[in-house]
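Every chain is numbered from 1, with letters handed out A, B, ... down the list of sequences. What's counted below: heavy atoms across the whole structure, side chains too, no hydrogens, waters or symmetry copies.
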Number of protein chains: 2
Amino acid sequence: MTIKDVAKKANVSTATVSRVINNKSEGITEEMRQHVQKVIDEMGYTPSHLARGMVTKKTYTIGLVIQDIRNPFFPKMVSGVEHVAYNHGYMVLLCNTDEDLNREKDYIATLREKRVDGIIITVSNGIDRAYIAQLTKGDIPFVFLDEIAEEVNCVCVDNTLGAYQATKHLIQLGHKHIACLSGPSTSITNLNRVDGYKKALMEAGLPINKDLILKGSYKADSGYKSAESILKDFPHVTALFCANDFNALGAYKAVVAHGKRVPEDISIVGFDDILDIPANHFAFTSVSQPTYEMGQAAATMLMDMIHKKPMNEPFMTFEPKLIVRDSTSSPL
Amino acid sequence: MTIKDVAKKANVSTATVSRVINNKSEGITEEMRQHVQKVIDEMGYTPSHLARGMVTKKTYTIGLVIQDIRNPFFPKMVSGVEHVAYNHGYMVLLCNTDEDLNREKDYIATLREKRVDGIIITVSNGIDRAYIAQLTKGDIPFVFLDEIAEEVNCVCVDNTLGAYQATKHLIQLGHKHIACLSGPSTSITNLNRVDGYKKALMEAGLPINKDLILKGSYKADSGYKSAESILKDFPHVTALFCANDFNALGAYKAVVAHGKRVPEDISIVGFDDILDIPANHFAFTSVSQPTYEMGQAAATMLMDMIHKKPMNEPFMTFEPKLIVRDSTSSPL
DNA sequence: CTGAAAGCGCTAACAA
DNA sequence: TTGTTAGCGCTTTCAG
């Protein structure tokens, strides 16, 4: 059933039908509108967004490229995006990359083919700079979420500050030997967190021992291994700053497996705050990110770009917040 | 840049270009294909899915309507859907209803306008039967997820069985007075869970006391209130079967607030298993649903419908699994 | 094997 | 105020 069928049945032109389905207020009598609307309702006609998009060059659809919706870090972010998109009359195509760069490229290529009006992307660790540059040079508006991307519209959190807060918390508790279980060195986010860790130590006049800064990934097994080697090689260490909560979780397991207690023997701070469940007897101290708000901000920024509004700030930084819970205490 | 531009530059017709971008093997020489492909690559041409969809009547897009991605129950389900969709060359439009029927209807209407090839929907509590019938009578394939929908393609979990398992577990631990904190009575899922609870009691020769079956919602505060009233009016009750984990969480808080211990004084079983965090000292005993697999199954079923394959079973039921953890024990 | 041309369902000038 | 008509970018039949 097409606009033609409706026009025929209502004895009007397709232009008139088009006017009513698009709520054009000018150039149509209320009488006419009601007449046509009635026919539309009777026939159960639904206009085709495809056909409309062909001529208007708008799809009212945006793409959201994320690593993995199963990672508890993302749902709130997605929700923030979805809410503002919905409020602007847009729908969101969910693209899960599983941290696979090929999938990411594939998804973005298809998003182009689908002529989405814009894309929000939380790039994988280890950004391919040239690739991103190529993306942004294109015709379709992009905003980067979570990970910093230079010279690009982007919303992220102040990772340096978060790590600084976390480490300072440990220092204030009285810890003097604090290890840093870092993530992938290709991740700017991670690098910033390491910087924050160093900054807090320096500020407190504590020495920065490179051997206490372990490289790893964002996965739990990396945290486990790193913690294990710290426990073995540096028994005087009493606190662990972890690049993210998965690392913290792995570290926790290693500490427990080695017969030590958290936080009595070893304090642990995580990052991202994704391990909190209300009513639990034990929860991690962690640096929380306002993920919902970040999602909202990214979507709002994208909407502004789509509607060619002058942008306030092409680069938006949110403040993280340290949440102190049960995995940290003063050293014995 | 359109197919015409490519055709012109390659000195061929648009039909020929169309043949190569669609990988039509017949009726084109390898030489020609390579020639055209080269021009396409040089120009960086991307075909428009919109225009293609107009003539093929296919969008390679499906809609996924869920309550709330922030509810930990959903991410895995969404992931299951996304994975099989991706493998079939489809993208998924994420529609968050926030349990608002108006939003749900609005989203589905827009999905129609966008001419998606199919829709997966996890209907809100309290299904509007007439509405659903209307949906399914339409032109676009639907499959219902999670909640049972009669006479419709649907994948769900055997809620009766899950509740039966949970209650039986309590009985086997020696509990004789078990309350049931149920959810909304408009939810068939909830009704089935209450049935499973009753079934286990009956089978064990235990009396079914209607006063011990409290009505509520799926929210934590409902669980809190229900548990409170049980604690007050029926002090001999030693175990609580909860319609879902949020209820269980609320109940837990009420029990603790009243100076009792879980599980020593009161055992609690939840449903859905969304409160588990590895490495926690305390976790709820709960009935787990294979949500990822259910998502996969729903998407597979939808793909079959879209491709008009003969369907094995238009109605698919998964088995839930009781996970025993720390919130249940024998009564003192 | 390749090309010409009709048409998918709609919008937007421009005419009437 | 309403209608006519030319596309939007592609696929697909039908000729060549």
Overall bend - the helix from C:dC1-D:dG16 to C:dA16-D:dT1, comparing terminal axes fitted on five pairs, nearest 10 degrees: 40°
Step by step, would you call B:Ile119 with B:Ile62 a side-chain contact (heavy atoms from CB on, under 4.5 Å)? CA-CA 6 Å; B:Ile119 298 180; B:Ile62 64 174; over 6 Å; no
Enumerate the salt bridge (charged side-chain N to carboxylate O under 4.0 Å, His left out) contacts for residues 6-23 of chain A, please, sequence neighbours excluded, ordered by first and then second residue. none
With no hydrogens and no angle check, just 3.5 Å: does a side-chain donor-acceptor pair link B:Tyr60 and A:Thr110? no
What pairs with B:Asp304 under side chain to side chain contact (heavy atoms under 4.5 Å, CB included), at least two apart in sequence or on another chain? B:Thr300, B:Lys309, B:Met311
Greater than 12 external heavy atoms within 6.0 Å of A:Glu30's CD: yes
Tell me, do B:Val78 and B:Pro75 make a side-chain contact under 4.5 Å, heavy atoms counted? no
Can you name the side chain to side chain contact (heavy atoms under 4.5 Å, CB included) partners of A:Pro290, sequence neighbours left out? A:Val157, A:Glu293, A:Met294, A:Phe318
Closest heavy-atom pair, B:Met303 versus B:Ala85, reported as atoms and distance to 0.1 Å, is CE-CA, 4.3 Å
For A:Thr122 versus A:Ile66, what's the shortest heavy-atom pair and its separation? OG1-CA, 3.3 Å
Sorted by chain and residue number, the side chain to side chain contact (heavy atoms under 4.5 Å, CB included) partners of B:Pro47 (sequence neighbours excluded) come out as A:Glu113, B:Ile21, B:Tyr45, B:Arg52
Could you check A:Asn22, A:Val39, A:Val12, A:Asp5 and say which one makes a side chain to side chain contact (heavy atoms under 4.5 Å, CB included) with A:Val17? A:Val12
Do A:Lys114 and A:Thr61 have side-chain atoms, one donor and one acceptor, less than 3.5 Å apart? no
Just the endpoints, please: which first and last nucleotides of DNA chain D, 5' to 3', lie under 4.0 Å from a heavy atom of chain A? D:dT1 to D:dG9
When you measure from every atom of DNA chain D, which of residues 5-21 of chain A have a heavy atom less than 4.0 Å away? A:Asn11, A:Val12, A:Ser13, A:Thr14, A:Ala15, A:Thr16, A:Arg19
Close residues, residues 33-43 of chain A, relative to DNA chain D [heavy-atom separation under 4.0 Å]: none
Between A:Thr59 (side chain) and A:Arg115 (backbone), is there a donor-acceptor pair under 3.5 Å? yes
Can you run down the side chain to side chain donor-acceptor pair (under 3.5 Å) pairs that involve residues 74-94 of chain B, sequence neighbours left out, and say none if there aren't any? A:Arg70-B:Ser79, A:Asp98-B:His83, A:Arg103-B:Glu82, A:Asp106-B:Tyr86, A:Tyr107-B:Glu82, B:Lys58-B:Tyr90, B:His83-B:Tyr292, B:Tyr90-B:His307
Does B:Met32 reach the side chain of B:Val20, with side-chain heavy atoms less than 4.5 Å apart? no
Would you please name every residue forming a side chain to side chain contact (heavy atoms under 4.5 Å, CB included) with A:Ala298, sequence neighbours left out? A:Ile120, A:Val143, A:Leu145, A:Val155
Can you give me the first and the last nucleotide of DNA chain C (5' to 3') that has an atom within less than 4.0 angstrom of a non-hydrogen atom in chain B? C:dC1 to C:dG9
Expected output is a numbered-order residue list: members of residues 50-60 of chain B with a heavy atom under 4.0 Å from any atom of DNA chain C. What is it? B:Met54, B:Val55, B:Lys57
Step by step, would you call B:Phe142 with B:Ile108 a side-chain contact (heavy atoms from CB on, under 4.5 Å)? CA-CA 11 Å; B:Phe142 268 89; B:Ile108 290 180; 4.2 Å; yes
